[in-house]
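Below, chains carry the letters A, B, ... as their sequence lines are ordered, and counting in each starts from 1.
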2 protein chains.
Amino acid sequence: MDISRHDIHSCDIPSLCKSCEVRHKGMCGALNPDELTLLSRHTRQIEHPSGEELVGESTRVEAYDNLMRGVVKLSKTLEDGRQQIVGLQFAPDLVGRLYAGESPMTAEAASDVEVCRVPRATLERLIERNPALRKRLMDQSLRELDEARDWMVTLGRKTAAEKVASLLLLIASHLDPEAAGERRIFDLPMSRLDMADYLGLTIETVSRQFSRLKKDGIITITANRHIEVLSLAKLQARCG
Amino acid sequence: MDISRHDIHSCDIPSLCKSCEVRHKGMCGALNPDELTLLSRHTRQIEHPSGEELVGESTRVEAYDNLMRGVVKLSKTLEDGRQQIVGLQFAPDLVGRLYAGESPMTAEAASDVEVCRVPRATLERLIERNPALRKRLMDQSLRELDEARDWMVTLGRKTAAEKVASLLLLIASHLDPEAAGERRIFDLPMSRLDMADYLGLTIETVSRQFSRLKKDGIITITANRHIEVLSLAKLQARCG
DNA sequence: GGGCGACCTTGATCAAGATCAATTTTGCCA
DNA sequence: TGGCAAAATTGATCTTGATCAAGGTCGCCC
C-alpha cells in the first residue's frame, strides 16, 4: 500500500480538489484556497489492490475515502455467511457512511483502486463550513438512495435474465459512458461471484445467463472479463 | 379530503413544529418563531384515506408531506405492471424526494394518513436558513439509505420464511416500539398484497408463511390484520 | 512453456416459491 | 341480519433458479 503526502499542486482528489481529472462530476470548485490547504495537510493517497478491504462492517469509521480510480463494492453479510452486495461506487464518489460511528457495511476494492483518505473530523469540519461541499454530499446521498431503491426492484421483481442484463447496462453506463450508438466495450470490474452477490443469484445462474446473451448475439465475451455489447437496444429490452 | 388552515397554536406537524406529540423523533426546536410563522402560512393539513396517492411516479414534485399519523408506502412499477414497494415511512418522516424535479416513485397512503403539506420552495428556503433542520433531513436521508440497503439483503438473500419474519419485526418495532418483554401487539398497516410487493413474493406465499408462524405458536392473527407476537425471540431467530 | 489453482462453464437433478384453481373468511352496506 | 364483493387461505401442479457434480479455461509463477 503506497502512502504518500498529498501535494496540493498535483492534487488528484477528484471530489474535493480543483485540478482533478473528472472535474465535471466531482466537488471541484467547492473549496477555497484555505480549505484546500487544510485538506491537503490531512489527506493521504492510498492504492488498494482488488479484494482489499477499505472499511469493515461494524467497525469504527475513522476516515472517508475519496474514490479516484476503480470500483468499490459495498456489501453486507448474514451470520451464516450469505452475502449481498448493496452498492457499487465509481470515481468520484465519497466512500464511507457520513456521521456514523460504525460502518453499516463492508467497503472493498472490486478492482484495483486509488483513493484519497480524509480523516473523519477534517471532512466533517469542512462540510460545516462549506455549503457547496455540503450540497454535493447531500446530492450523492440522495442519488445513492435512488439507486438502492431502483436495485430493490431488480432484486425483488426481475427474472435472472433481466437481472444480468440490468447489471451489464449499469456497468456499461459507468465504464463506457461517452460511447454513442449501439456498442459498448468495457472490462467487468468484478467476478461472477460478485455479480451473483449483487443480483441475489448463484454463479451458475449468472454464467448461464451470460451464455444465453452470447448465443443470442447481444454480447461477446473474451477472456472472461472483456465485454462487447453488440446491441444496446436488445440489452435494454431484456431489463424488464 | 379535509383541507384546513394550519394554526400555529394548535400546531401538530410533528417534524417541523414545537408542540408536537412525537417530540423525541421530530424536528421540534429546529425552527425559530419567525420561521414557524412563515411555515404556518404555507402549510395545509390534509387527510388521506388508505389507498390514496400522495405523489405519483414520474410526476412533478410541488410539495413535501410531513407525515403525522399513519403509514406511507413508496413503490415503483415496471412497464408490465410488476410492482415493488421500496420503502415504508412512519410519522414523523418527511415524504418526498428532496430537490428532485420528478418523483422517482409513487407515495401512497398504506393506512389512513394525516400529513402537513409544505410547498417545495418554502421547505427548501427553510433548509437553506436553518442548520438544525438541514441536519435532520440529512440524517433522515442517510437512515433511509441504510434501511434500503438492509432491505436489499432481505430481498436478495433471505428465504420466504425469513422475509415475512423480517417484515413483522420491522412493523412491530415501529408500531409498538415501547413494549418490553417478548410480546408485541399491533395492527398490520397493509394488505397481504402490499406485504408481497414489499418482500418480492406472491400473496399465496405470504399467506402460507403466516399460517406457519401461527402453527408454530410464534404469532396469533385475528381479523386478518391484528397481530400478536407471542415470542419475539423466536421471531427474531427466523430473520436470518 | 508447463503446471497449478482460481475461476468459469455446462449438465443433471432438486426444491422453493410461482401459478392455477377452488374455498373460506371478512368487512361492509342495504 | 343477510348478502355480496374483496381479501385471504389452502391445495395441486408447474417453473425457475439452486444445488450437486464434472470438466474446461485462464492467468500467473517458476
So how far is it from A:Leu67 CG to A:His48 NE2, rounded to the nearest 0.5 Å? 10.0 Å
With no hydrogens and no angle check, do the side chains of B:Lys214 and B:Thr220 hold a donor and an acceptor under 3.5 Å apart? no
Whole angstrom is fine here: how far is it from NZ in A:Lys158 over to P in C:dA18? 18 Å
Could you tell me the separation between the CD1 atom of A:Ile221 and the P atom of C:dC7, rounded to a whole number of Å? 17 Å
Identify the 5'-most and 3'-most nucleotides of DNA chain D with at least one atom closer than 4.0 Å to a non-hydrogen atom of chain B. D:dA8 to D:dA12
For A:Leu201 and C:dA16, give me the distance from atom CG to atom P, rounded to whole Å. 18 Å
Atom-pair distance (CZ on B:Arg212; C1' on C:dA16), nearest Å: 11 Å
If only side-chain N and O atoms of A:Ser211 are considered, is one of them under 4.0 Å from the OP1 or OP2 phosphate oxygen of C:dT10? yes
Expressed as a whole number of angstroms, how long is the span from A:Lys214:NZ to C:dT9:C1'? 8 Å
In B/S/- notation (B base, S sugar-phosphate only, - none; protein heavy atoms under 4.0 Å), nucleotides 24-30 of chain C written 5' to 3' is --SS---
Between A:Thr159 and A:Glu204, just flag the one whose closest nucleotide in DNA chain D comes earlier from the 5' side. A:Thr159
Check whether B:Asp216 reaches the backbone of B:Leu213 with its side chain - one donor and one acceptor, N or O, closer than 3.5 Å. no
Taking C-beta and beyond as the side chain, do B:Leu169 and B:Leu232 meet within less than 4.5 Å on heavy atoms? yes
Residue pair B:Thr106 / B:Lys76, side-chain donor-acceptor N/O under 3.5 Å: no
For the atom pair NE2 (A:His226) and CD1 (A:Ile185), what is the distance rounded to the nearest 0.5 Å? 5.5 Å
Just how large is the angle between the end axes of the helix from C:dG1-D:dC30 to C:dA30-D:dT1, five pairs per end, to 10 degrees? 40°
Measuring from atom CD1 of B:Ile46 to atom CD of B:Glu52, what distance do you get when rounded to the nearest 0.5 angstrom? 9.0 Å
Rounded off to whole Å, could you give me the CG-to-C1' distance for the A:Asp194 and C:dA6 pair? 14 Å
NA contact type, A:Ser191, heavy-atom cut-off 4.0 Å: base, sugar-phosphate, or nothing? sugar-phosphate
Would you say A:Phe186 and A:Val229 make side-chain contact, with heavy atoms under 4.5 Å? yes
Can you measure B:Arg208 atom CZ to C:dC20 atom P for me and round it to whole angstrom units? 13 Å
Whole-Å distance separating the CZ atom of B:Arg82 from the C1' atom of C:dT19: 15 Å
Is it true that B:Glu108 and B:Lys73 have a side-chain N and a carboxylate O under 4.0 angstrom from each other? yes
Between A:Glu144 and B:Arg149, does the salt bridge (Lys or Arg N to Asp or Glu O under 4.0 Å) criterion hold? Intermediate values first, please. CA-CA 10 Å; A:Glu144 285 182 38; B:Arg149 285 173 168 163; 2.9 Å; yes
Taking the six-membered ring of B:Phe90 as reference, does the cationic atom of B:Arg69 (NZ for Lys, CZ for Arg) lie under 6.0 Å from its centre and within 45° of its axis? no
